[in-house]
Every structure is written in structure tokens, then in C-alpha cells.
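Residue indices begin at 1 and follow the sequence shown.
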Amino acid sequence: MFRYKFLVSILSLFLVVTLTRGQNEDNALNYSYDRPTGTARSIALGGAMGALGGDYSAIGINPAGIAVYRSSEFSFTPSLIFNTTESDYYGTVSSDDKFSVPFNQISYVGTSRLMRENIDGIVSTHFGIGYNRTNNYNRKSYIQHDGVESSLLYMFAANAYDLTPQQLDDFYTGIAYDARLLELVPESDYYEYIHAYEFVNDEGFLELGPVDGINQKKMITESGHSGIFDLSFGANIANKFYAGASLGIATLTQKKESQHYEQASDEVYDAYIDYRLNNGFEILDDFYFDEYEKTTGTGINLKVGAIFKPVNSLRLGAAFHTPTYYSMKMEYETQAMAYFFDADNYEMTSDLGEFSFNFRTPMKAIGSIAYIFGTKGLISFDYEYTDYASMKYKSKNNEIQETSALKNLNEIIKNTFRATHNFRLGAEYKITPMVALRGGYAYFQNPYQEDYLNSDGKHFNITGGLGFRTGNMTIDLAYLYNKETYIHSLYYSQEIPDDVQEPADMTSTDHQLAVTLGWRF
């Protein structure tokens, strides 16, 4: 029963997120959404490496890129990321930042030539093993505004409607009720709840007690990453056709901690005080509602690809990525802390919930083209198709209750997300035979359907860098500017007018510096 109630709580949370038509951070999308970085050369070219190959991050886009190598190579890429996240909540602009030092990739590629002089048939075979980071979850967000005419408690009261206190969920409404943030309306013919900032006015309607609304703050701290360990194989056929495949072992660790704080404005209605005292209720000053969520997962996928070189200056690439099939575990905990005037204070913490499940990310199809300008430079373009509506949860135990709940959640996914068309463009110019100048741009179409607020969100990269080659050693430097806009809803209830439960407009900006050191032998 506890396991099922936990699943229902998660489903309820997802429903809240979906009904707000608002968050770029819902779990299914976070598990599936890639923000790959990789080698500094790949970063500098905007990730447009599908038809180029000869770079370990290119193998992650199109495995045929491993067959372009002419020698063996070892490389690794440390990086620095400075993230700033800005919020606009009812016109109040706030920001916070976070610094991280991720390790983008480390890899080895081995090349075997059957015969040095051979130019027909299989010219060379290749094997590669390595790691690429595919997403970075590190950021901090701060949202605030004074005088909001609604409360998180409205949502709890609405979700508790017509349920006995014993039927309230273990993570939200039940915790709020135990902390005296919710109370049953006296003498009601059914189970109706009043929250601690409300009273019943002379007309018999619920009304907000603080005269000037409620001061709200929310802090969100996210950490973690996803990445993939690839075993790759490829063959160069007649220096015209390159084929490759990769077996990937994906890992994911994501942690999110949020603290929602509310405090009544300085002045409250006398009728609010009279009503609550006459009914044995306490007068709330402020409260915190904290949430903790950690998800870990391991998955497997397969990539296949090909590159065709009809003439020396032109390369055409195509690749297909199967979905990643994850086995995942989520831990979840909530806490409510309520502070009342001249009364007891309450701190209530839920049990630590655990839920294991399977999850399938979308498949991907990639088409690429690159043109090589002799020894002076190149231009490269990638197109990527990803259908986020195909994301899917599945129960590990095939229990009827769990299967039914996850089926409903999968229907929500189909109605929320859509297929995307993403584009990456990169260019390289060799200033000298040893020094290359690079630049790139990537645009990622919003995965939300048009009737969701987040459909107006934007996500793009602007990149640049330098490459140096001396003997068998390469040193590549890159800078990436990543900008995303999205919506974050602090809470949602159909009982609250939209103009008093506005979401926050969020802008997240990453500045990343990366350096790749490589040795060819």
C-alpha cells in the first residue's frame, strides 16, 4: 500500500506540473533531454560532427565517425561551467548562480590497418571505448515576490477535498494537515479543508486573511549529471564508405532540493483572527515546505551509422539511436515546518519513499552533411529528429495498480510533448597548418506542444574555439554559451484564478570553458 500511495503521489505531482502547462524540469523530459558537451572541438563546432568523424564526441552522434580515424588516439576533456538562473515572478527579478567542474569525456580509439597500401575493400577497422557526459543538472534558482494573492496551501486544500484525513497522501496533503496548515471546515456536510491563511467571511465564502497578500520565496538546488560509456566498432571501406556501431551503457544521477517559504503580510483582517480563534484554529505567521528528490538509473542503447564520401570534399552522414532503456530508482521526501503566533510550532517529515521503475527515452534519427575546403577549413550541418511523445514509463512488478497509474502518466506524456527538429551548424578555418579557428550554433526546438506555456521556451548554443596541433599531440580549446528559457509554476489549482497563480519566467544561462588534450599514435 505504501508503495502504491507513493506512486500516486508522484503521479499527482506530475499532473500538477502538466496542468500548469509549465515546467521544463519534469522528470520524464530530464531523463531524456541531452545537452551534450564532449570534446572541445565538438563543442566549438556546435556539435555538428555527424558527417565529420575523427573525434570521440562525433562517434556519440554518428558511430561511423570512428572509421574516419587514421591512427589510434587517447583524449580527455575537463571543463568549467558557470550557471546563472534568473527568475521573473510577478515582476520581481531574482537570480542565483552555481559553479561546477565536470569531466566531459575520456576515451581511447584503436585503429588497425589490414594492409598499409590497401585502398580497396576494408582499408581499416577500429575499436573505441570511452565516456561522454550527455547532460549537466547543476544549477540554483531563486524566486520571490511580496504580496501574492494566493498560496501553495490553496493547492493542498483543493487536492484534499472530499478525502478523510486518513486518506490524505503521505507527502503533500497529509504532511500539511499534520502541521496544522490544513483544517477541516467546521460543521461542513462533506470533507472540505480550509488552509491556515484563510477564514470564512460573513457571506460564507473562503477569503485570504492577510490584507496585503503573502510574501513568497522559493529556492531550488539541482545537481547531478547523465553520461554514457560506449563500446564502438567501425570499418573504413575503400576510403569512400564508413560504417560503425556503438553499444552504450548510460548512467544518470539527479538530485533536486527545493524549499518553498511563505509569510503573511504585516496586516491581517480582524475577521480572520476572530474566525480562527473562535474555531480553535491557530494564527499562522510563516511556513516552509521542503521537497527532496533523488533519481539514479542505468540504461542501455545502441547506435548505428554510416558516412559516405562521394568526392573528397563532400561527406554525407546518417545515424540512428535506439531509445535508452533505463532501470531507475527514485527516493522522495517532504517536510513541512509551520510557525504560529502564541501557539505551538510544528515540524513534520514524511517517510523516505522509494520507487523503482523502468523508463524508455525517445529514439533519434540524425542526418548530416559536411563540405571540406581542401586544407583550409570546413563547414558542417546536422539535423536531428527526436520524438519526445514516445517517452514511456513501465512498472517493474507489473502490479495492476502500478501499471494503471503509469499508463495514465504515459497518456499525459503523449498529450504534453511532441517531436522536435534540432539543428547544429559548425565551421572551421585553418589559420595555419597547425592552428584552427572554429565557431558553431545549435538550435533545439521546444519539446512541449503548442498549448503549453513552455512551448514559448527557447534553447540554443553559441560556440567558438581554437585548435592546435603539434606533432602527435592536439590541444583544443572551446567556449559554449547556452541559454534556455522556460516556466516554473510554484503551485497550481483549478480553484485559483489564473491571474493570482502566475508562474515564474525562468532564464538559465551556462558559460562553459573546455580543453581537450589528445595524443595520436
*Asks:* Looking just at side-chain N and O atoms, do Y491 and Q216 make a donor-acceptor pair shorter than 3.5 Å?
*Replies:*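 Short answer, yes.
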
*Asks:* Can you check whether H459 and Y33 have ring centres sitting under 6.0 Å from each other?
*Replies:*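 Distance test on ring centres: under 6.0 Å, yes.
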
*Asks:* Measure centre to centre between the rings of Y161 and Y190, then say whether the value is under 6.0 Å.
*Replies:*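 Aromatic pair counts; centres sit under 6.0 Å.
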
*Asks:* Do the side chains of M155 and Q501 get nearer than 4.5 Å, heavy atoms only?
*Replies:*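 Not in contact.
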
*Asks:* Are side-chain heavy atoms of L80 and F82 found at a separation under 4.5 Å?
*Replies:*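 Of all side-chain heavy-atom pairs linking F82 with L80, none is under 4.5 Å.
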
*Asks:* Are any of the side-chain heavy atoms of K394 and L406 separated by less than 4.5 Å?
*Replies:*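 They are not in side-chain contact.
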
*Asks:* Determine yes or no for a side-chain-to-main-chain donor-acceptor pair under 3.5 angstrom, with S94 supplying the side chain and S87 the backbone.
*Replies:*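 Not at all, since once roles are kept as given, no pair shorter than 3.5 Å links the two residues.
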
*Asks:* Considering residues, nucleotides and ligands other than D202, do more than 12 of their heavy atoms fall under 6.0 Å from its CG?
*Replies:*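 Incorrect, the count does not exceed 12.
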
*Asks:* Hey, does S226 have a side-chain heavy atom less than 4.5 Å from the side chain of Q254?
*Replies:*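 A side-chain contact is absent here, since even the closest heavy-atom pair is not under 4.5 Å.
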
*Asks:* Do the side chains of R35 and D510 get close enough for a salt bridge, i.e. N-O under 4.0 angstrom?
*Replies:*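 Looking at R35 and D510, the cut-off is not met.
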
*Asks:* Could you check, using the six-membered ring where one of them is a Trp, whether Y137 and H225 have ring centers closer than 6.0 angstrom?
*Replies:*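 Ring-ring flag for Y137/H225: false, centres at least 6.0 Å apart.
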
*Asks:* For the aromatic rings, using the six-membered ring if either is Trp, is the centroid distance between H421 and Y385 under 6.0 Å?
*Replies:*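 That pair passes the under 6.0 Å test.
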
*Asks:* Any ion pair linking E331 and K294 (charged N to carboxylate O, less than 4.0 Å)?
*Replies:*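 Answer for the salt bridge query: no.
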
*Asks:* Under the salt bridge (Lys or Arg N to Asp or Glu O under 4.0 Å) rule, collect the residues that match up with E183, sequence neighbours excluded.
*Replies:*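 Testing E183 for salt bridge (Lys or Arg N to Asp or Glu O under 4.0 Å), a comparison that skips the adjacent residues, returns R180.
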
*Asks:* With ring-ring contact (aromatic ring centres under 6.0 Å, His included) as the test, pick out the partner of F357 among Y325, Y326, Y393.
*Replies:*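 Testing F357 for a ring-ring contact (aromatic ring centres under 6.0 Å, His included) against Y325, Y326, Y393 leaves exactly one candidate, Y393.
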
*Asks:* Let me know which of Y197, F287, Y193, F289 forms a ring-ring contact (aromatic ring centres under 6.0 Å, His included) with F156.
*Replies:*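 When ring-ring contact (aromatic ring centres under 6.0 Å, His included) is applied between F156 and each of Y197, F287, Y193, F289, only F289 qualifies.
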
*Asks:* Do E291 side-chain atoms and K256 backbone N/O form a donor-acceptor pair below 3.5 Å?
*Replies:*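 Checked: no pair found.
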
*Asks:* Go through the side-chain N and O atoms of D286 and Y261 and say whether any donor and acceptor fall under 3.5 Å apart.
*Replies:*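 Yes, because at least one side-chain N or O of D286 sits under 3.5 Å from a partner of the opposite role on Y261.
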
*Asks:* May I have the list of side-chain donor-acceptor pairs in residues 336-344 shorter than 3.5 Å, sequence neighbours left out?
*Replies:*
none

